[in-house]
Amino acid sequence: MSLRLLSLPCEARALALKQLRAVPARSFWSSTASQAATKPSGPEIYDVVCVGGGPAGLSLLSALRSSKSTSHLKIALIEGQDLNKSQQQYGSITGYSNRCSSLTPGSVKFLTDIGAWQHVNASRVQPYHSMQVWDGVSGSSITFDPQPTRSAPYPGYPPTNTSSTIATMTENANLTSGLFTHLSTLPPIDIHSSTRVENIELGTETEEADLSSWPIVTLSSSKQLAARLLVGADGQNSPVRTFAGIPSRGWDYGRMGVVATMRLSSAPGGDARIAYQRFLPTGPVALLPLPGDMASLVWSTTPANAALLKLLPKEDFIAMVNAAFRLLPVDLAYMHTLSSGQAEEVAWREPNTSFSHMQVPPKVVDVQDGSVAPFPLKMRHADTYHGQRVALIGDAAHTIHPLAGQGLNQGLGDAAALASHIEKAVNVGWDVGSSWALEGYTAEQWIKNNAMLGVVDKLHKVYSAESGPVVWGRSLGLDLVDKLGGLKGWFMRQAAGGKRGRGHKAAWMPRLCGRILHLKQLKSYNIRPHINNRRGTVEANPLYLTPRSPVEVPQSSFQPIILSLNRTITPAPITI
Amino acid sequence: MATIRAVRPFALPAPVRQLILSSRPAFYSTASSPAPPPQSTVSETEVSHFSDLASSWWDPHGPSRILHLMNPLRHTFIQRCRSRHPDSASSEKLRYLDVGCGGGIFAESAARHPQTKSVTAIDPTPQVIAVAQKHQRTDPRLMEPGRLTYLNTAIENIPLPPTPEQGVDILTCFEVIEHIRHPRPFLAQLLPHVKPGGWLVMSTISRTWTSWFTTKLVAEDIMGIVPRGTHDWNQYINVEEMKAWADKLPGWGSPQSMGVIYVPGVGWREVRNSESWGNYFFAIKKDA
Ligand SMILES: Cc1cc2nc3c(=O)[nH]c(=O)nc-3n(C[C@H](O)[C@H](O)[C@H](O)COP(=O)(O)OP(=O)(O)OC[C@H]3O[C@@H](n4cnc5c(N)ncnc54)[C@H](O)[C@@H]3O)c2cc1C
């Protein structure tokens with residue numbers, strides 16, 4: 001009965017202990033404090049314990065609370081940061097946060113459906129309606145405007161996007177703040193904010209019940225929670241994933257994403273806003289519109305370049321961003337070797353460089369103080385999204401290169417899918433922590449996310465090449481894609497969070513393929529599909545499909561034959 | 001118990017088969033069968049296999065997987081029956097009696113369902129009731145007093161409700177009747193436990209060449225994993241025969257049925273008008 005302890009770094013432990021002495025557990029909105037008091041000995045029992053109050057965790061809980069079937073579940077949220085303080089800080093922010101995400105229409109629809117979008121500050125979000133993407137080496141370009149989604153790729157194809165919005169730029173803090181406000185309007189959940197998970201281990205068998213399959217979460221406040229379902233929404237270094245023993249694989253790109261909040265000379269594209277992305281050999285640089293003349297920069301580049309950009313004086317940084325969208329890669333490379341003076345370099349190089357004014361964003365004129373920050377870029381994917389009484393969502397399950405702006409959207413997709421599988425499980429009396437309830441979630445999301453991770457990873461690699469056949473090929477690729485409306489439409493739908501397969505009559509086919517692919521992938525890692533280590537079962541086998549709501553299976557042509565055979569072979573009727 | 005054999009006979013490990021066989025006498029006695037089956041006691045080896053069985057019953061990839069997967073459709077069917085007859089779709093929470101509960105796959109899910117007040121689940125085989133009770137302990141919610149009660153007994157030993165109104169809202173009997181030699185007296189014993197306006201809900205297999213092929217030819221003759229004679233295909237009951245029986249029952253009506261098909265790799269699917277292919281659900285409602 002070995003218990004698996006979380007290996008927290010020393011400082012975290014020390015900090016947690018300090019917190020323990022200083023402040024007692026903060027459980028506000030607690031509806032269940034009195035219940036806890038009646039049984040002081042054992043852990044308090046919850047249906048769902050969610051570790052992590054980022055966008056993924058908060059949207060899952062919002063979805064669960066806003067659905068009739070799951071609103072009664074007993075839920076706890078554990079978040080290391082002070083959620084109330086973050087809320088207040090965001091309320092008094094000047095300018096825009098540098099952590100922004102472009103939400104696909106699918107994500108916005110999900111947030112609207114659960115009633116959370118109305119709590120997001122609408123004056124601080126910016127929809128955009130077209131995308132200008134071009135290759136910094138070959139110069140070939142592609143314009144994503146909303147038209148292709150309207151024209152059907154084949155007759156009778158249902159339109160997936162009636163509005164013309166490609167995506168909506170939102171500060172992550174605006175989203176989490178809205179989700180947090182939304183939660184406060186719903187039946188209370190127990191929130192342990194500024195509280196870290198100290199330890200997770202399996203429970204024990206007592207006279208009353210056998211909790212040996214239940215994760216018991218010990219908080220820095222020394223409070224213990226028993227989880228019917230433990231959700232890891234705890235980001236890239238997920239302690240929950242570690243507890244469940246679910247491997248996460250991938251690689252570091254050796255690149256940093258430099259983010260910053262910029263002011264432009266004018267709003268790009270006027271009413272129909274434009275997002276810009278240019279592929280440079282060091283990685284893509286993107287400028288995404290925020291309200292008014294503001295924009296969010298995400299520049300993926302080498303760690304050395306990123307370090308330099310962070311240190312540059314303001315006017316040189318601004319000049320570099322303008323250059324990144326206009327000058328030749330060779331000029332840019334040279335300017336990355338200078339410790340200052342980029343502004344003058346750009347001033348004389350730009351007039352001597354030819355570029356299309358249609359293609360480039362309006363000039364950047366300012367950068368918000370303190371907003372330049374580099375993040376390491378990596379690709380990670382967990383082998384499965386569920387284990388015994390454990391589910392992973394968001395960055396705990398996958399981390400993606402930001403070039404397609406999909407990371408947060410995938411997390412919201414996970415939250416939506418997990419909430420719907422929990423709802424389904426509740427409605428048929430399945431234990432929401434059981435494999436029966438969760439395997440459909442892995443099956444639904446894993447393959448979808450894996451495909452996106454793969455495409456984005458390949459895009460990164462293809463566009464990192466500076467010359468040779470790859471470059472000719474890719475310029476041909478972009479030009480071709482630009483000419484072929486149908487293919488472009490497909491790309492657009494993917495970027496916009498294409499229609500979910502659920503509920504679609506023929507959707508079992510892709511799901512089946514998904515399971516087979518997933519199994520193949522596991523095989524290539526040499527993992528046995530079902531690792532039963534007795535104490536913590538890792539079920540890495542979503543090969544099987546759970547039954548879904550009854551669908552009318554198209555009557556196959558051999559049905560009449562079977563029926564008539566049945567009639568012929570059936571013996572004399574019985575009278576009961 | 002009968003369930004597993006009926007649905008996927010070729011996937012059973014030896015201890016399960018033995019337990020199934022040992023579970024038969026009670027059903028036979030229920031049905032006042034003239035011929036008692038040969039195996040009637042549980043051997044030592046079976047008992048020593050018991051802990052294995054206990055874990056495999058609820059193992060998501062174990063031999064009962066297919067039954068677990070069928071379970072949601074049982075709820076779908078019950079909900080559909082009740083919604084088609086608004087007088088039985090009251091908002092009051094439901095009381096269930098599950099006859100032939102096995103390891104508790106349906107009983108647990110019914111007890112956990114938000115619309116349920118209580119579940120009494122019975123099975124004549126002590127081993128499977130022990131499995132069910134062991135698993136019940138893994139969910140504190142199911143340990144709440146009165147929520148889920150397992151009894152190691154047969155239906156004839158359950159006292160009749162003192163008044164008809166004290167009967168249960170739903171009496172379930174899944175994958176059992178195909179193993180009863182004389183279903184009519186067995187079914188007659190179930191009827192008085194249902195309250196007026198309540199439902200008797202069953203599932204079984206049609207007597208067709210497809211079911212003969214899977215349960216007799218493949219499982220018994222070709223693969224030999226189930227001893228010959230385990231299933232008596234001639235005892236399978238077709239949906240029309242069920243309907244004919246129900247039509248003649250005084251005080252009962254509204255027969256409902258739903259055909260389901262297991263598609264490997266996809267799961268159970270409701271297929272319209274497939275009752276005559278193999279597995280199907282059948283329900284009748286006691287007049288209010
Ligand atoms: C440069 C960059 C640009 C990006 N751009 C985009 C974009 O344009 N579009 C997009 O969709 N996505 C983008 N992303 C990705 C996006 O930011 C993430 O995918 C998203 O924040 C993940 O949300 P999450 O809720 O899964 O995890 P997180 O936001 O990481 O939240 C995890 C939470 O868990 C808490 N936690 C962790 N451990 C513990 C513990 N032991 N105890 C208690 N609490 C704990 C943390 O405090 C944190 O609040 C970008 C990312 C980067 C780096």
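What's counted below: heavy atoms across the whole structure, side chains too, no hydrogens, waters or symmetry copies. Treat the numbers as computed from the prediction; the structure is a model and nothing was measured.
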Any ion pair linking A:E439 and B:R65 (charged N to carboxylate O, less than 4.0 Å)?
yes

I'd like to know if A:R389 pairs up with A:D431 as an ion pair, taking the criterion as any Lys NZ or Arg NE/NH1/NH2 lying under 4.0 Å from an Asp or Glu carboxylate oxygen.
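Salt bridge flag = yes for A:D431 with A:R389.
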
Would you please name every residue forming a salt bridge (charged side-chain N to carboxylate O under 4.0 Å, His left out) with A:D210, sequence neighbours left out?
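For A:D210 there are no salt bridge (charged side-chain N to carboxylate O under 4.0 Å, His left out) partners, ignoring immediate neighbours.
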
With sequence neighbours left out, write down each residue that passes salt bridge (charged side-chain N to carboxylate O under 4.0 Å, His left out) with B:R84, or none if nothing qualifies.
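B:R84 satisfies salt bridge (charged side-chain N to carboxylate O under 4.0 Å, His left out) with no other residue.
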
Count the heavy-atom pairs under 4.5 Å between each of B:E240, B:R137, B:M143 and chain A, then report the option with the highest count.
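Of the options given, most contacts go to B:R137.
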
In terms of heavy-atom proximity below 4.5 Å to chain A, should B:H113 be classed as side chain, backbone, both, or neither?
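The answer is both parts of B:H113.
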
Please state whether the side chain, the backbone, both or neither of B:Q79 comes within less than 4.5 Å of a heavy atom of chain A.
side chain

Chain B heavy atoms under 4.5 Å from A:T70: which part of the residue, side chain, backbone, both or neither?
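It is neither, since no heavy atom gets under 4.5 Å.
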
